[in-house]
Amino acid sequence: MARFLSRLALSVAIVAGLAAAAAPFKDTLSLAKYLAQLKPAKADLRTSYGPAKSQYADLYLPKDAREAVPVVILVHGGCWNVEVPAETLASNAADLTRAGVAVWNIEYRRIGEPGGGYPGMYEDVGSAFDMLRSVAGAHRLDLTRVTVVGHSSGAHLGMWGAARHKLPAGHALRGADPLPVRSVLSVGGAPDIEHAAELLPIACPGVVTINQVVGAKTPDRAKPFADTSANQMFPLGIRTRSIMGEYDDVLPPYLGLWWQRLASRKGDDVDTHVIKGAGHFDLVATSEPEWQEVRALILAEAKR
């Protein structure tokens with residue numbers, strides 16, 4: 001398996017190089033350009049679920065809603081690392097509410113801050129998901145229609161958060177009563193972190209190690225991916241979708257197809273949508289036309 005994954009990593013590097021060379025028709029956004037186009041969008045409500053400064057979630061509400069509205073849980077990316085600004089998906093949240101859905105944009109302790117990484121990061125994602133119940137009644141949220149959307153490393157955490165109900169009862173990361181999730185959209189992500197682990201030096205060069213993300217192997221914890229990667233929890237019983245950029249040189253589109261192959265073999269409802277001309281950050285940059293395509297896919301899933 002290790003040799004296979006090494007060959008896979010090499011293939012990804014080649015594909016990324018070819019994609020970059022083949023992309024003169026689309027000037028895909030770099031991280032710096034993506035961060036430069038971010039616009040602040042104030043939430044309607046901020047709710048803390050713990051004492052740390054990163055333990056909160058922001059609620060964005062549609063205007064003039066006359067009935068209970070579906071909810072999109074947003075999980076931002078950034079290589080699981082604290083260096084990327086926390087509210088990178090705030091403008092996306094505000095944009096989605098204009099179409100009549102509520103958005104729960106979560107924050108969590110990341111690598112580089114106290115309690116970040118394993119296990120605190122996972123505890124936070126689960127707690128943030130479950131905290132949605134505390135605001136649902138007052139704001140007429142339809143918790144039978146919860147869709148999780150994660151970008152980049154946030155797709156791994158979003159898929160994990162939706163799948164954690166498959167962990168054994170009593171597991172420290174499971175939570176007593178995991179929030180039911182109807183569907184998950186992985187946007188430019190690697191929901192199967194186990195099989196993407198060897199790509200970390202390409203996706204997040206010099207930023208994090210896989211041990212920081214999933215915890216180290218120890219005599220008491222022989223399989224670190226068992227409680228950190230959703231691929232270990234099949235079948236999820238959740239509808240999952242991968243949205244990938246054709247020219248994504250951070251997490252190439254084959255990762256969505258890999259997830260589709262694994263999940264479909266276990267009987268889950270899954271597919272992959274590749275957006276032509278899109279790079280990694282074009283998918284979530286509200287200044288780019290590709291976001292409009294992603295937005296339409298999110299709304300179609302959330303409102304169905």
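The shown structure was predicted, so the numbers you read here are calculated from the model rather than taken from an experiment.
Under the 4.5 Å side-chain criterion, counting only non-hydrogen atoms from C-beta, T286 is not in contact with K39. Proximity of R133 to L179: side-chain heavy atoms (C-beta onward) are separated by under 4.5 Å at one or more points. Inter-residue side-chain proximity for Q232 and L167 is flagged as unmet; no heavy-atom pair is nearer than 4.5 Å. Two residues are said to be in side-chain contact when any heavy atoms from C-beta on lie closer than 4.5 Å; V71 and T147 fail this criterion.
The backbone N or O of G237 lies less than 3.5 Å from a partner atom in the side chain of D268, making a donor-acceptor pair. Put simply, the side chain of R295 gets close to the backbone of D95: a donor and an acceptor are under 3.5 Å apart. Judged by distance alone, the side chain of D44 and the main-chain N or O of L61 form a donor-acceptor pair under 3.5 Å. For D130 (side chain) and S127 (main-chain N/O), no donor-acceptor pair under 3.5 Å exists by modelled atom type. For Q55 (side chain) and S48 (main-chain N/O), no donor-acceptor pair under 3.5 Å exists by modelled atom type. When atom types are taken as modelled, the side chain of N92 and the backbone of V284 share a donor-acceptor pair closer than 3.5 angstrom. Remark: side-chain polar atoms of W258 are not paired, donor with acceptor, to backbone N or O of H195 under 3.5 angstrom. Put simply, the side chain of T97 never gets that close to the backbone of P62: no donor and acceptor are under 3.5 Å apart. Using modelled atom types, one side-chain atom of K166 and one backbone atom of M233 make a donor-acceptor pair closer than 3.5 Å.
Note that OG1 of T88 and CZ of F281 are 9.5 Å apart. Values are rounded to the nearest 0.5 Å. Taken to the nearest 0.5 Å, the CG atom of L185 stands 12.5 Å off from the CD1 atom of I73. Summarising the geometry, atom CE belonging to M159 is positioned 12.0 Å from atom CD1 belonging to I193; distances are rounded to the nearest 0.5 Å. From T47, atom OG1 reaches atom CG of D58 across 8.0 Å, with rounding to the nearest 0.5 Å. Between the NZ atom in K276 and the CD atom in E246 there is a gap of 6.0 Å [rounded to 0.5 Å]. Put simply, CG on D248 and CG on L255 are 8.5 Å apart, with the number rounded to the nearest 0.5 Å.
Side-chain N/O atoms of H280 and S152 include a donor and acceptor closer than 3.5 Å. In summary, the side chains of N211 and T209 do not present any donor paired with an acceptor at a separation below 3.5 Å, with no hydrogens or angles considered. Side-chain atoms of H171 and D227 include a donor-acceptor pair closer than 3.5 Å. Residues T240 and W259 have side chains that bring a donor and an acceptor to within less than 3.5 angstrom of each other. Checking E113 against S54 by side-chain atom types alone, a donor-acceptor pair falls below 3.5 Å. A side-chain N or O of Q37 and one of S287 form a donor-acceptor pair less than 3.5 Å apart. Between the side chains of R109 and Y122, no donor-acceptor pair of N or O atoms lies under 3.5 Å. Between the side chains of S229 and N231, at least one donor-acceptor pair of N or O atoms lies under 3.5 Å.
Below 30°, between 30° and 60°, or above 60°: for W80 and H156 the angle between ring planes is above 60°, a perpendicular geometry.
Nearest heavy atoms, T28 versus G279: CG2-N, 3.5 Å. When all heavy atoms of G78 and S153 are compared, the pair lying nearest together is N-OG, 3.3 Å. Among all heavy-atom pairs drawn from I275 and E290, the shortest one is CG2-CG, 3.9 Å. Considering all non-hydrogen atoms of both residues, V187 and A155 come closest at N-CB, 4.3 Å. In plain terms, the two heavy atoms of G188 and L251 that are nearest each other are O-CD1, 3.3 Å. Closest of all the heavy-atom pairs between V75 and G158 is CG2-CA, 4.0 Å.
Put simply, the residue from R239, R182, R145 that forms a salt bridge (Lys or Arg N to Asp or Glu O under 4.0 Å) with E301 is R239.
Cluster membership for V135 and V148, using ILVMFWY side-chain heavy atoms within less than 4.5 angstrom, is shared. L257 and V250 are assigned to two separate hydrophobic clusters, defined by single-linkage of ILVMFWY side chains at heavy-atom distances under 4.5 Å. Cluster annotation: I111 and V207 are assigned to the same hydrophobic cluster (Ile/Leu/Val/Met/Phe/Trp/Tyr, side-chain heavy-atom contacts under 4.5 Å, transitive). Taking hydrophobic clusters as Ile, Leu, Val, Met, Phe, Trp and Tyr residues chained together by side-chain heavy-atom distances below 4.5 Å, L157 does not share a cluster with Y56. Cluster annotation: V184 is connected to L262 through the hydrophobic network of ILVMFWY side chains, with a link wherever side-chain heavy atoms come within less than 4.5 Å.
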If you apply the rule side-chain contact (heavy atoms from CB on, under 4.5 Å), what do you find for T228 with V213, and how did you get there? CA-CA 9 Å; T228 58; V213 176; over 6 Å; no
I would like to know whether M121 and L173 meet side-chain contact (heavy atoms from CB on, under 4.5 Å); could you show each step before the answer? CA-CA 10 Å; M121 183 167 63; L173 299 185; over 6 Å; no
Before giving the answer on side-chain hydrogen bond (donor to acceptor under 3.5 Å, both in side chains), spell out for D220 and T218 the whole-Å C-alpha distance, their side-chain angles and the decisive distance to 0.1 Å. CA-CA 5 Å; D220 295 331; T218 68; 5.3 Å; no
Between V274 and Y254, does a side-chain contact (heavy atoms from CB on, under 4.5 Å) hold up when you go through it step by step? CA-CA 9 Å; V274 178; Y254 94 89; over 6 Å; no
Set out, in order, the CA-CA distance, both residues' side-chain angles and the distance that settles side-chain contact (heavy atoms from CB on, under 4.5 Å) for L283 and E293, then state yes or no. CA-CA 8 Å; L283 296 170; E293 189 171 345; over 6 Å; no
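Identified under the side-chain hydrogen bond (donor to acceptor under 3.5 Å, both in side chains) test for residues 60-71, with sequence neighbours left out: none.
The environment of NZ in K53 is sparse: at most 12 heavy-atom neighbours from other residues, nucleotides or ligands sit within 6.0 Å.
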Under 3.5 Å donor-acceptor pairs involving side-chain atoms of residues 100-108, not counting sequence neighbours:
{"unit_1": "W104", "atom_1": "NE1", "unit_2": "A128", "atom_2": "O", "d": "2.8"}
{"unit_1": "E107", "atom_1": "OE1", "unit_2": "H76", "atom_2": "NE2", "d": "2.9"}
{"unit_1": "E107", "atom_1": "OE2", "unit_2": "H76", "atom_2": "NE2", "d": "3.4"}
{"unit_1": "E107", "atom_1": "OE2", "unit_2": "R110", "atom_2": "NE", "d": "3.3"}
{"unit_1": "Y108", "atom_1": "OH", "unit_2": "H76", "atom_2": "O", "d": "2.7"}

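For R265 and F234, the positive end is not near the middle of the six-membered ring at less than 6.0 Å and at most 45° from its axis.
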